[in-house]
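Each remark here refers to the structure printed beneath this line.
Below, chains carry the letters A, B, ... as their sequence lines are ordered, and counting in each starts from 1. Only a predicted model underlies this, so the values are computations on that prediction, with no experimental measurement involved.
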2 protein chains.
Amino acid sequence: MPEKKARPRRPARPGATAAPRRTGRPRSTGQTVEGDAVDGILAAASTLFGQHGVDGTTMSRIATEAGLRQPSLYYYFRRKEELIAALVARANVVPLHLARALLAGEGSTAAQLHRFVHEDVVALCRLPFDINEVHRIAARDPEGFAEYWSERNQLQRLIARMVRSGCREGAFRPVDAHLTALTVLGTDEGVQNWFRVGPRLRTDPIGLAVADLVVGGLLIRADDLADVRKESATLVVPAGPDFR
Amino acid sequence: MPEKKARPRRPARPGATAAPRRTGRPRSTGQTVEGDAVDGILAAASTLFGQHGVDGTTMSRIATEAGLRQPSLYYYFRRKEELIAALVARANVVPLHLARALLAGEGSTAAQLHRFVHEDVVALCRLPFDINEVHRIAARDPEGFAEYWSERNQLQRLIARMVRSGCREGAFRPVDAHLTALTVLGTDEGVQNWFRVGPRLRTDPIGLAVADLVVGGLLIRADDLADVRKESATLVVPAGPDFR
DNA sequence: CCTGGTTTCGATAATCCATCGAAACTGAGC
DNA sequence: GCTCAGTTTCGATGGATTATCGAAACCAGG
């Protein structure tokens, strides 16, 4: 009896790099898999989460959309939350890369923050699903979403560093950098509370408006906002990972 | 056979005013009800939602906490969502009353908005549960949560009116009032994304910081912020409904 | 052709939401 | 006091969903 492996499930997500994808029992649909099977599953889940919400999407539905049966999903993900965690882990990379690139590059602190908020808002609007829905699930399961929280903490610290720089330089009002960073991230995410209901507005003006509000709220000289906005648009950010 | 009433369930929530609360079959726990039974159920649900999340709270658990069995809840609420809707309908009254009172009262527009954001943030932090969780559920069921959306739209229009006034008076930058109102509400709610994870900070400084950021982001002359903050604190708002 | 490893699936247990019909009580009228 | 109508609660149960277990179906190598 083949029972060498105590648990045949994938350990933690080796990705397409590790396992050379050996063949197993064919799917009942007859279709063959292109590349990593996980990609197809996550793509299906991502779309369905956006259409019916995370809780409104059953594992059975995801499986069908991905071309297999419900129990087969549990070969790749031990629990539904694990699937969700894999999804946000990818989504989180975008703003993290953006913040790092901005901090490492040129530009005034105010322009950096402006650009970050602008692009972060747009990126969240472009996600197929509502990040806040996942955020709530992650809050109930800190261990299962350890990667999510780690990345979010890193992001928060980077934003706090930006705010602190702005204060030291005399551009920003003296504020609590930690509290402000949290508020900024919350504001970016708060856009999703209304963006996904009713007809959708264009994302770019939204990002600009939010960035104006946030940076304008920190600047000591409000007149500088026009210049900051102009500079923000000129900042060059090396192309990072684009989700989906 | 007693079958005059086609549907014995409560029609829509007549409240304690209508029905004189007649007695029925006693509860298996033996306890008697004080006042409206709905109050006890909502109180139990409210607490449990805060502790384990809405989806993490079963109807059975709510029933047990309220002193009865699971099917009995369906005498008062036809679906779980109906129970949730009844809960937020109460919570929404607070900021709505606040905005109306501020608009009707004295004070500069900037101070009114500052005071609103401040108190709204604090009110949301004080809620036993996370309003955003409910917000997401409401988004998937617009008809079941018609009251929620109606009140939220009213609130949004009131804030937009504040913003428009500020622009006309020359205190605020010329911004899209509609878009700004949405962003402000989203920012208030976005605080909940981090407030409820880990150790909780004091709510009042948070409300102040968010109000500073929002109003500061709209003011043409950033120096005015100190005065606005001072005036905001002096505004008198007639005591409204306090939730729980 | 046999063996070991990979991938998929059918059957199934457990849990939760929601419904149905009946039980258990009160109060009013006779 | 007794019956009847109305109110409130409950037990039993169906349907849906998550997750597990063990076996089936395939491939590559000896």
Side-chain angles (χ1 to χ4, degrees), chain A residues 1-11 14 18-33 36-38 40-41 45 48 52-64 66-84 137 141 144, chain B residues 1-11 14 18-33 36-38 40-41 45 48 52-64 66-84 137 141 144:
Chain A
M1 318 90 178
E3 51 168 313
K4 214 173 242 170
K5 305 284 187 185
R7 211 198 288 111
R9 277 87 164 109
R10 257 184 209 209
R21 168 78 191 176
R22 289 195 44 178
T23 53
R25 171 173 173 173
R27 295 183 174 180
S28 57
T29 59
Q31 73 175 143
T32 59
V33 280
D36 195 348
V38 170
I41 296 172
L48 288 172
H52 311 107
V54 175
D55 287 300
T57 302
T58 68
M59 293 295 272
S60 180
R61 190 96 164 68
I62 297 173
T64 302
L68 28 74
R69 304 294 168 92
Q70 181 254 6
S72 304
L73 289 184
Y74 291 83
Y75 176 72
Y76 298 99
F77 306 97
R78 277 192 277 281
R79 304 175 300 136
K80 190 179 182 183
E81 288 79 32
E82 204 169 282
L83 192 158
I84 301 169
I137 296 170
D141 182 11
Chain B
M1 321 92 179
E3 51 168 314
K4 214 174 243 173
K5 305 284 186 182
R7 214 199 286 111
R9 277 87 164 111
R10 252 183 213 212
R21 169 74 190 178
R22 288 197 42 179
T23 54
R25 172 173 173 173
R27 297 182 173 179
S28 57
T29 59
Q31 72 173 146
T32 58
V33 280
D36 196 348
V38 170
I41 296 172
L48 288 171
H52 311 107
V54 175
D55 287 300
T57 302
T58 68
M59 293 295 273
S60 180
R61 191 95 165 67
I62 297 173
T64 302
L68 28 75
R69 305 292 168 93
Q70 182 253 8
S72 304
L73 289 184
Y74 291 83
Y75 176 73
Y76 298 99
F77 306 98
R78 276 192 278 281
R79 304 175 301 137
K80 191 180 182 182
E81 288 78 33
E82 204 169 284
L83 192 158
I84 302 169
I137 297 170
D141 182 12

* Would you please test A/Phe77 and A/Ile84 for side-chain contact (heavy atoms from CB on, under 4.5 Å) and show each step? => CA-CA 9 Å; A/Phe77 306 97; A/Ile84 301 169; over 6 Å; no
* Asked: Starting at the 5' end of DNA chain C, which residue's closest nucleotide do you reach first, B/Thr57 or A/Thr29?
  -> A/Thr29
Taking the side chain of [X] as its heavy atoms from C-beta onward, which of [options] lies nearest to it?
{"X": "B/Met59", "options": "D/dA19, C/dC17, C/dC9", "result": "C/dC17"}
{"X": "B/Gln70", "options": "C/dG10, C/dT8, C/dC17", "result": "C/dC17"}
{"X": "B/Pro71", "options": "C/dA11, C/dC20, C/dC17", "result": "C/dC20"}

Does [N] have OP1 or OP2 under 4.0 Å away from a side-chain N or O of [X]?
{"X": "B/Ser28", "N": "D/dC10", "answer": "yes"}
{"X": "B/Tyr76", "N": "D/dT8", "answer": "no"}
{"X": "B/Tyr75", "N": "D/dT8", "answer": "yes"}
{"X": "B/Ser72", "N": "D/dC10", "answer": "yes"}

* **Heavy-atom side-chain proximity of A/Val33 to A/Arg27 below 4.5 angstrom** => yes
* Asked: Do the side chains of B/Lys80 and B/Ile137 get nearer than 4.5 Å, heavy atoms only?
  -> no
Euclidean distance, atom [atom1] of residue [X] to atom [atom2] of [N] [Å, nearest integer]:
{"X": "B/Ile62", "N": "D/dT9", "atom1": "CD1", "atom2": "P", "result": "16 Å"}
{"X": "A/Asp55", "N": "C/dC16", "atom1": "CG", "atom2": "P", "result": "14 Å"}
{"X": "B/Tyr74", "N": "C/dA22", "atom1": "OH", "atom2": "P", "result": "21 Å"}
{"X": "A/Leu73", "N": "C/dC9", "atom1": "CG", "atom2": "C1'", "result": "12 Å"}
{"X": "B/Arg27", "N": "D/dT7", "atom1": "CZ", "atom2": "C1'", "result": "13 Å"}
{"X": "B/Gln31", "N": "D/dT9", "atom1": "CD", "atom2": "C1'", "result": "12 Å"}
{"X": "B/Leu83", "N": "C/dC17", "atom1": "CG", "atom2": "C1'", "result": "13 Å"}
{"X": "A/Arg69", "N": "D/dA24", "atom1": "CZ", "atom2": "P", "result": "17 Å"}

* Distance-minimising heavy-atom pair for A/Leu48 and A/Thr57 -> O-OG1, 3.2 Å
* Scan nucleotides 25-30 of chain C nucleotide by nucleotide, 5' to 3', and note B when protein non-hydrogen atoms come under 4.0 Å of the base, S if they reach only the sugar-phosphate, - if neither. => BB----
* Asked: CZ/B/Arg79 to CG/B/Asp141 distance, rounded to the nearest 0.5 angstrom?
  -> 5.0 Å
